[in-house]
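Everything below concerns the one structure shown next.
Remember, predicted model here, so these are calculated numbers, not experimental data. Sequential numbering from 1 along the given sequence is applied to the chain's residues.
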Amino acid sequence: MSSRTALPPFDPTDPLGIDDLLDPEDLAIRSTVRTWAADRVLPDIADWYERGELPQVRELARELGGLGALGMSLTGYGCAGASAVQYGLACLELEAADSGIRSLVSVQGSLAMYAIWRFGSEEQKQHWLPGMAAGETIGCFGLTEPDHGSDPAAMRTYAKKDGTDWVLTGRKMWITNGSVAGVAVVWAQTDEGIRGFVVPTDSAGFSAPEIKHKWSLRASVTSELVLDEVRLPADAVLPEVTGLRGPLSCLSHARYGIVWGAMGAARSCFEAAVGYAKTREQFGRPIGGFQLTQAKLADMALELHKGILLAHHLGRRLDAGRLRPEQVSFGKLNNVREAIEICRTSRTILGANGISLEYPVMRHATNLESVLTYEGTVEMHQLVLGKALTGLDAFR
């Protein structure tokens, strides 16, 4: 008679056993970020969201720097040198608290720091990255303009040479961290193509008015950047890239974090729905005991854990140096879209309570409406995949 190993018990929080793919260091990093978010964000996030501000952004940035979460997967210059999967796990836990917190980290590390780390001079890296990794200096990333989002090649911000200096003029829009940043990575047209510039935000002619009246990402600093003949020295330009390859490679790195982060928002809503369904009684028993509610929970669990498994797969490919931009589009398109559907279904289970800030569901749902379209709209990612599948370019 053959012996049979006893199966482990079913874990409702990890029904596919995805944690078996993680090593002890992965689990420790996840636990550290989850604990920090629970202690420092969750007690106040509903109030910050209702007020439409992130009042402790600089303090939070320094704490995140202390955790090693800023520029987490970069190496050297005070960065943690974590794996892509570990960075993804951190993004998931941060967005489970709020998309605005994950956006702060993502823009800092995957856009501003990554641009300097990959395309900057050694002097630029030494000057900026250690302080940014520590959270002492906050960075922002200026690509999108008021009239040019999905078509960055048509940007109007222009940098012209004046002797050995550069003079930048233009506007950037919807810039996370803009009005609290100490440095901005700004992309501009030049006579030699699109170039990136490292712009200290105390430069004459630079201003970053904060954007108000948002109904999404309310606990996040969002700004316009105004560059009115900002004069920079010759060494302000990122020397290692010309053209759209520079900003687009930064966006691909940031989109990877969104693949994980969206599942954090979805998990938070799913957990709220499960907890509510087990305690809310109608017709004499908990609503979690009704077939229609269980069908909703089962469908949400399917999409949530398939999304986490997809994120993990892409992370392993990134760690192996094999992740293509089209695969990032696959993950971003699927996971954000499914996360929104999970939020909406969770709202139906909570009924009227689903719109209350006493629960996280409506806050996550409205945040994800921004995540759905920033760093590549649904349509742009569909076209990226359509071109990859057919070999035909349908962008124009």
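- Taking the side chain as every heavy atom from C-beta outward, Leu333 and Gln382 approach each other to under 4.5 Å.
- Hydrophobic clustering keeps Met380 apart from Val328 (ILVMFWY residues linked when any side-chain heavy atoms are closer than 4.5 Å, directly or through intermediates).
- Applying the 6.0 Å contact sphere to CD of Glu210 captures more than 12 heavy atoms from other residues, nucleotides or ligands.
- Here Glu303 pairs with Lys306 in a salt bridge; the nearest charged N to carboxylate O distance falls below 4.0 Å.
- Heavy-atom neighbours of Arg156 CZ from other residues, nucleotides or ligands within 6.0 Å: at or below the threshold of 12.
- Within 6.0 Å of NZ in Lys214 there are more than 12 heavy atoms belonging to other residues, nucleotides or ligands.
- Within a 6.0 Å radius of CD in Glu358, no more than 12 heavy atoms belonging to other residues, nucleotides or ligands are found.
- Here the side chain of Asn177 pairs no donor or acceptor atom with the backbone of Cys140 at under 3.5 angstrom.
- Side-chain atoms of Leu89 and Ile29, non-hydrogen and from C-beta on, never get closer than 4.5 Å to each other.
- Between Glu341 atom CD and Leu304 atom CG the span is 13.5 Å, to the nearest 0.5 Å.
- Residue Ala61 comes nearest to Leu70 through the heavy atom pair O-CD1, 3.4 Å, listed as atom of the first residue, atom of the second, then distance.
- The backbone N or O of Gly351 sits less than 3.5 Å from a side-chain atom of Arg347, completing a donor-acceptor pair.
- Ile258 is connected to Leu309 through a chain of hydrophobic side-chain contacts under 4.5 Å among Ile, Leu, Val, Met, Phe, Trp and Tyr, so both are in one cluster.
- Here the side chain of Ser346 pairs a donor or acceptor atom with the backbone of Ile342 at under 3.5 angstrom.
- To the nearest 0.5 Å, atom OG of residue Ser106 and atom CZ of residue Arg255 are 11.0 Å apart.
- Trp215 carries Arg218 over the face of its six-membered ring, with the cationic atom under 6.0 Å from the centre and within 45° of the normal.
- Here the shortest heavy-atom pairing between Gly68 and Ala80 reads O-CB, 3.6 Å.
- Between Phe141 and Val185, some side-chain heavy-atom pair lies under the 4.5 Å cut-off.
- Comment: Lys161 does not engage Asp191 in a salt bridge, judged by the lack of any side-chain N to carboxylate O separation of less than 4.0 angstrom.
- In this view, Phe197 and Trp166 satisfy the ring-ring contact (aromatic ring centres under 6.0 Å, His included) rule, not counting sequence neighbours.
- Within the 3.5 Å criterion, the main-chain N or O of Gly139 finds a donor-acceptor partner in the side chain of Gln108.
- Side-chain atoms of Trp117 come within 3.5 Å of backbone N or O of Thr75 as a donor-acceptor pair.
- Taking each heavy atom of Phe270 and Leu297 in turn, the nearest pair found is CE1-O, 3.5 Å.
- Side-chain atoms of Pro247 and Phe119, non-hydrogen and from C-beta on, never get closer than 4.5 Å to each other.
- In this structure, Asp98 CG and His364 NE2 are separated by 6.5 Å, a value rounded to the nearest 0.5 Å.
- Within a 6.0 Å radius of CD1 in Ile355, no more than 12 heavy atoms belonging to other residues, nucleotides or ligands are found.
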Chi angles and distances behind the side chain to side chain contact (heavy atoms under 4.5 Å, CB included) call for Cys91, Val105: CA-CA 8 Å; Cys91 287; Val105 170; 5.6 Å; no

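- Looking at Leu21 and Ile18, their side chains come closer than 4.5 Å, going by heavy atoms from C-beta outward.
- Between Ala234 and Thr164, the shortest heavy-atom distance links the atoms CB-O, 3.0 Å.
- Taking each heavy atom of Gly307 and Asn335 in turn, the nearest pair found is O-ND2, 3.1 Å.
- In this model, no donor atom of one side chain and acceptor atom of the other lie less than 3.5 Å apart for Tyr256 and Gln327.
- Of the charged side-chain nitrogens involved, at least one lies within less than 4.0 Å of a carboxylate oxygen, so that Glu63 and Arg40 count as a salt-bridged pair.
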Arg344 vs Glu369, salt bridge (Lys or Arg N to Asp or Glu O under 4.0 Å): CA-CA, chis, key distance, verdict: CA-CA 11 Å; Arg344 291 171 178 164; Glu369 291 294 339; 2.7 Å; yes

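- Using modelled atom types, one side-chain atom of Gln124 and one backbone atom of Asp235 make a donor-acceptor pair closer than 3.5 Å.
- To the nearest 0.5 Å, the span separating CG on Asp23 from OG on Ser83 amounts to 7.5 Å.
- In this structure a side-chain-to-backbone donor-acceptor pair under 3.5 Å is missing from Thr137 to Gly131.
- Side chains of Thr366 and Tyr49: a donor on one and an acceptor on the other come within 3.5 Å.
- If you chain together hydrophobic residues whose side chains sit under 4.5 Å apart, Val198 and Val180 fall into the same group.
- The main-chain N or O of Lys296 is never found under 3.5 Å from a side-chain atom of Thr345 such that the two would form a donor-acceptor pair.
- In Leu389, the CG atom is crowded: over 12 heavy atoms of neighbouring residues, nucleotides or ligands sit closer than 6.0 Å.
- Distance SG/Cys269 to CE/Met362: 9.5 Å, rounded to 0.5 Å.
- Between Tyr87 and His253, the ring planes lie parallel to each other; the angle is under 30°, not in the 30° to 60° tilted range.
- Glu224 contributes no side-chain N or O that, together with a main-chain N or O of Ile175, makes up a donor-acceptor pair within less than 3.5 Å.
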Intermediate values then yes/no, side chain to side chain contact (heavy atoms under 4.5 Å, CB included), Thr169 and Leu227: CA-CA 5 Å; Thr169 300; Leu227 300 109; 5.7 Å; no

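- Under the 4.5 Å side-chain criterion, counting only non-hydrogen atoms from C-beta, Leu314 is not in contact with Phe330.
- Arg171 places no side-chain N or O within 3.5 Å of a backbone atom of Glu145 that could act as its donor or acceptor partner.
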Worked check of side chain to side chain contact (heavy atoms under 4.5 Å, CB included) between Lys332 and Val384: CA-CA 12 Å; Lys332 203 264 188 181; Val384 167; over 6 Å; no

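- At most 12 non-hydrogen atoms from other residues, nucleotides or ligands lie less than 6.0 angstrom from CD of Gln291.
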Verdict with reasoning, Leu27 to Arg30, per side chain to side chain contact (heavy atoms under 4.5 Å, CB included): CA-CA 5 Å; Leu27 295 170; Arg30 184 179 70 179; 3.4 Å; yes

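- One finds the OG atom of Ser216 at 8.0 Å from the CG atom of Leu368 (value rounded to the nearest 0.5 Å).
- Side-chain contact check for Lys172 versus Thr144: every heavy-atom pair is 4.5 Å or farther apart.
- Ion pair Arg267/Glu93 flagged as a salt bridge, since at least one NZ, NE, NH1 or NH2 atom sits closer than 4.0 Å to an Asp/Glu carboxylate oxygen.
- Nearest heavy atoms, Ser249 versus Arg118: CB-NH1, 3.6 Å.
- Phe283 CZ: 12 or fewer foreign heavy atoms inside a 6.0 Å radius.
- Leu22 and Ile308 end up in the same hydrophobic cluster when Ile, Leu, Val, Met, Phe, Trp and Tyr side chains are linked at under 4.5 Å.
- Residues Ile101 and Trp36 meet the side-chain proximity criterion, which asks for heavy atoms closer than 4.5 Å.
- By the rule that hydrophobic residues join a cluster once side-chain heavy atoms approach within less than 4.5 Å of another member, Val221 and Leu60 end up as members of one cluster.
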